[in-house]
Amino acid sequence: MSSRRFFLRNSALAMVGAGAAPLWLERALYAADATSPRKKILVAIFQRGAADGLNIVVPHAEKRYYEMRPTIAVPRPSQISDRREDAAIDLDGFFGLHPALAPLKPIWDEGHLAIVHAAGSPDPTRSHFDAQDFMESATPGLKATPDGWMNRAMPRADRAAQISPVRAVAMGNVLPRAMRGSNPAVAVQNLSDFQVRNREASGAFRTLYADSQDPLLQAAGRETFEAVSLLQSIQTRHYEPATGANYPKGRFGDCLRQIAQLIKADVGVEMAFADVGGWDHHVNEVGARASQGQLATRLADFGQALAAFWLDLGDRRQDVAVVTMSEFGRTARENGDRGTDHGHANCMFVMGGGVRGGRVYGKWPGLEPEQLYEARDLALTTDFRDVLGELVKVQLGNRDLSQVFPGYTPSPRGILL
């Protein structure tokens with residue numbers, strides 16, 4: 001019976017004219033009504049390539065930082081107007097944001113952006129592939145973990161409740177490692193990818209299914225067209241971000257804009273994932289000035305997209321928490337090519353309405369020779385699972401952290417209210 005119903009649903013979809021249905025639409029066929037009341041939402045952002053946390057959140061009061069990075073360090077905060085665009089934006093007298101992240105400073109000032117420095121995975125690998133796998137599975141050092149931390153983090157749904165087909169959504173053509181597992185999750189390359197291509201056929205088949213005497217056929221048709229209606233209500237309507245929410249052109253800005261669109265459409269999103277590459281800067285990380293070059297360009301896009309997303313959410317900000325992460329950091333010293341190599345600890349951002357922001361969390365390990373990890377990298381003082389664990393427990397309401405982070409007991413840092 002269930003196999004036949006599955007076949008009928010997919011046959012209905014094909015006959016509507018959708019052609020090769022995107023995965024998230026196929027999932028949608030399992031819910032008669034995807035709308036649900038407002039819930040807390042967690043958005044995870046992965047910076048693939050190992051972002052340089054020391055140049056993103058600059059320890060400008062640390063003398064050794066400038067000694068080890070004579071040509072690529074971000075200058076200390078300056079009150080001189082013609083130097084300000086290249087200088088770190090002071091946060092607390094010790095740390096400062098890279099100047100390209102200026103759009104995030106108002107969120108920090110409002111108390112909705114927190115930073116965790118010297119954070120990351122305790123595993124010593126400097127392999128991008130392995131480190132990303134360990135972070136997305138949240139089991140450092142274990143390659144056999146079958147599922148991702150976000151999939152395990154999904155709170156158990158009430159059996160009586162209707163589950164949204166877009167409860168867990170990732171922007172991309174495949175599910176990221178973090179979302180794979182037994183709980184349903186969907187990958188969406190672009191919200192505009194789906195459209196009913198033959199409306200006459202759609203109307204004819206809607207009538208055919210409605211008039212059928214076969215209850216399974218009726219159910220398949222009803223659920224198919226209700227799912228189609230749900231998705232079209234999101235996709236065919238022109239989406240206009242909130243006034244002032246200027247997303248940068250490019251994939252990352254598009255991803256955050258579409259996540260905001262789904263959240264504001266109240267279709268039951270509880271977690272979302274987006275990633276952004278281009279952080280592996282072994283050569284010429286910084287241009288002639290700190291405000292120029294590869295890192296500055298990447299951070300300008302990153303900061304503008306996050307700031308636009310925050311503004312676009314409007315009154316949904318209270319429901320949303322955003323966390324950023326990268327597989328590992330970069331070497332404390334610059335290399336001979338004005339870049340940095342694979343390192344260890346990094347920084348994480350946490351942004352949201354329920355965040356105790358305006359503060360840098362984590363113990364600063366220092367950059368003296370004896371304080372460096374393996375005499376070359378920023379040492380780790382906060383396990384990334386401590387940050388994620390607090391988000392899973394407080395934001396998502398899942399208190400069973402032993403199932404989400406097997407073999408590890410997260411220690412909350414008090415980042416969330």
Side-chain angles (χ1 to χ4, degrees), residues 43-57 72 97-98 100-101 103-104 119-121 123 125-138 140 148-150 169-180 185-191 193 247-260 271-287 292-309 322-331 335 337-349 351 384 388:
V43 179
I45 296 171
F46 207 112
Q47 297 166 269
R48 299 195 187 278
D52 186 1
L54 288 173
N55 270 10
I56 294 174
V57 180
I72 69 167
L97 287 175
H98 187 286
L101 293 177
L104 298 182
S121 170
D123 190 86
T125 185
R126 292 189 175 90
S127 159
H128 290 296
F129 179 82
D130 287 345
Q132 290 179 25
D133 184 85
F134 294 155
M135 189 164 271
E136 292 194 67
S137 68
W149 73 269
M150 296 186 78
V169 58
M171 301 308 301
N173 56 4
V174 296
L175 271 181
R177 176 80 167 88
M179 275 195 172
R180 296 175 192 169
V186 296
V188 183
Q189 180 67 19
N190 194 302
L191 291 181
D193 284 347
Y247 289 95
K249 294 181 179 180
R251 180 179 176 273
F252 185 58
D254 287 344
C255 287
L256 292 193
R257 178 181 53 79
Q258 291 179 89
I259 291 173
M271 58 173 59
F273 180 98
D275 58 8
V276 53
W279 301 96
D280 195 16
H281 302 140
H282 291 276
V283 178
N284 293 328
E285 178 177 312
V286 178
Q292 300 171 346
Q294 297 180 82
L295 180 62
T297 300
R298 174 56 62 209
L299 286 176
D301 179 80
F302 188 72
Q304 185 183 345
L306 283 174
F309 179 71
V322 179
V323 62
T324 72
M325 65 198 80
S326 193
E327 63 262 37
F328 43 70
R330 315 293 297 186
T331 49
N335 61 27
D337 295 312
R338 299 191 70 248
T340 51
D341 299 318
H342 299 177
H344 193 50
N346 210 322
C347 64
M348 301 174 71
F349 288 178
M351 181 177 74
F384 76 103
L388 300 185

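Count residues from 1 along the sequence. This one's a predicted model, so the numbers in the text were calculated from it and none came from an experiment. These numbers come from the heavy atoms of this one structure, side chains and all, not from hydrogens, waters or symmetry mates.
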Chemist: Under the side chain to side chain donor-acceptor pair (under 3.5 Å) rule, collect the residues that match up with R126, sequence neighbours excluded.
Modeler: E374, D377
Chemist: Looking at CG of L54 and OG1 of T340, how far apart are the two atoms once the value is rounded to the nearest 0.5 Å?
Modeler: 9.0 Å
Chemist: Does G339 offer a backbone N or O that forms a donor-acceptor pair with the side chain of E285 under 3.5 Å?
Modeler: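 Pair absent, no side-chain N/O of E285 close to backbone of G339.
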Chemist: What closest approach, in Å, do A260 and Y247 show between heavy atoms, and which atom pair accounts for it?
Modeler: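 The answer is CB-OH, 3.5 Å.
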Chemist: Who are the side chain to side chain donor-acceptor pair (under 3.5 Å) partners of R180, not counting sequence neighbours?
Modeler: none
Chemist: Search all heavy atoms of A187 against all heavy atoms of N173 and return the closest pair with its distance.
Modeler: CB-C, 4.2 Å
Chemist: List in chain and number order the residues that pass salt bridge (Lys or Arg N to Asp or Glu O under 4.0 Å) with D275, two or more places apart in sequence or in another chain; answer none if no residue qualifies.
Modeler: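 For D275 the salt bridge (Lys or Arg N to Asp or Glu O under 4.0 Å) partners, ignoring immediate neighbours, are R48, R251.
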Chemist: What heavy-atom pair brings L104 and A307 nearest, and what distance separates the two atoms?
Modeler: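 Heavy-atom minimum between the residues: CD2-N, 4.0 Å.
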Chemist: Distance check, rounded to the nearest 0.5 Å: N335 atom CG versus H281 atom NE2?
Modeler: 12.5 Å
Chemist: Only counting residues at least two apart or in another chain, list the ones meeting ring pair (Phe, Tyr, Trp, His ring centres under 6.0 Å) with H344.
Modeler: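 So H344 forms a ring pair (Phe, Tyr, Trp, His ring centres under 6.0 Å) with Y373.
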Chemist: Can you list the residues that meet the side chain to side chain donor-acceptor pair (under 3.5 Å) rule with D130, with sequence neighbours excluded?
Modeler: K143
Chemist: Who passes ring pair (Phe, Tyr, Trp, His ring centres under 6.0 Å) against F384, sequence neighbours left out?
Modeler: none
Chemist: Could you measure the distance from the CG atom of D254 to the CG atom of N190? Nearest 0.5 Å is fine.
Modeler: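 Between atom CG of D254 and atom CG of N190 there are 7.0 Å.
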Chemist: Between S326 and A51, which heavy-atom pair has the shortest distance, and what is it?
Modeler: OG-N, 3.0 Å
Chemist: If you round to the nearest 0.5 Å, how far is CD1 of I45 from CD1 of I259?
Modeler: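 Going from CD1 on I259 over to CD1 on I45, the span is 7.0 Å.
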Chemist: I56 versus F349: any side-chain heavy-atom pair under 4.5 Å?
Modeler: yes
Chemist: Drop me the distance from M348's CE to M325's CE, to the nearest 0.5 angstrom.
Modeler: 5.0 Å
Chemist: Please check: side-chain N/O of E327 versus main-chain N/O of Q132, any donor-acceptor pairing under 3.5 Å?
Modeler: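 Judged by distance alone, no pair lies under 3.5 Å.
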Chemist: Knowing that exactly one of D280, D341, D52 qualifies, which makes a salt bridge (charged side-chain N to carboxylate O under 4.0 Å, His left out) with R330?
Modeler: D280
Chemist: Which residues pass the salt bridge (Lys or Arg N to Asp or Glu O under 4.0 Å) test with D337, sequence neighbours left out?
Modeler: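 D337: no salt bridge (Lys or Arg N to Asp or Glu O under 4.0 Å) contacts found.
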Chemist: Can you find a pair of side-chain heavy atoms, one from H98 and one from F302, that are under 4.5 Å apart?
Modeler: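 Answer no - side chains too far apart.
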Chemist: Go through the structure and list residues passing salt bridge (Lys or Arg N to Asp or Glu O under 4.0 Å) with D301, not counting sequence neighbours.
Modeler: R298
Chemist: Hey, what do you get for CD (Q304) to CG (L101), rounding to the nearest 0.5 Å?
Modeler: 11.5 Å
Chemist: Check whether any side-chain heavy atom of W279 sits under 4.5 Å from a side-chain heavy atom of L295, and report yes or no.
Modeler: yes
Chemist: Who are the ring pair (Phe, Tyr, Trp, His ring centres under 6.0 Å) partners of H128, not counting sequence neighbours?
Modeler: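 Partners of H128 under the ring pair (Phe, Tyr, Trp, His ring centres under 6.0 Å) test: F328, H342.
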Chemist: Quick one, S137 and R177 - any side-chain contact, counting heavy atoms below 4.5 Å?
Modeler: yes
Chemist: Measure across W149 and M135 and return the closest heavy-atom pair with its distance rounded to 0.1 Å.
Modeler: CD1-O, 3.6 Å
Chemist: Test of understanding: with side-chain contact (heavy atoms from CB on, under 4.5 Å), list the residues that count as partners of A305, not counting sequence neighbours.
Modeler: P248, F252, L256
Chemist: For C347 versus G53, what's the shortest heavy-atom pair and its separation?
Modeler: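 Closest approach of C347 to G53: SG-CA, 3.8 Å.
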Chemist: List for me each residue that meets side chain to side chain donor-acceptor pair (under 3.5 Å) alongside N346, sequence neighbours excluded, and say none if there are none.
Modeler: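 N346 satisfies side chain to side chain donor-acceptor pair (under 3.5 Å) with no residue once adjacent residues are dropped.
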Chemist: Can you list everything that forms a side-chain contact (heavy atoms from CB on, under 4.5 Å) with R338? Sequence neighbours excluded, please.
Modeler: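 Only T71, I72, N284, V286 meet the side-chain contact (heavy atoms from CB on, under 4.5 Å) criterion with R338.
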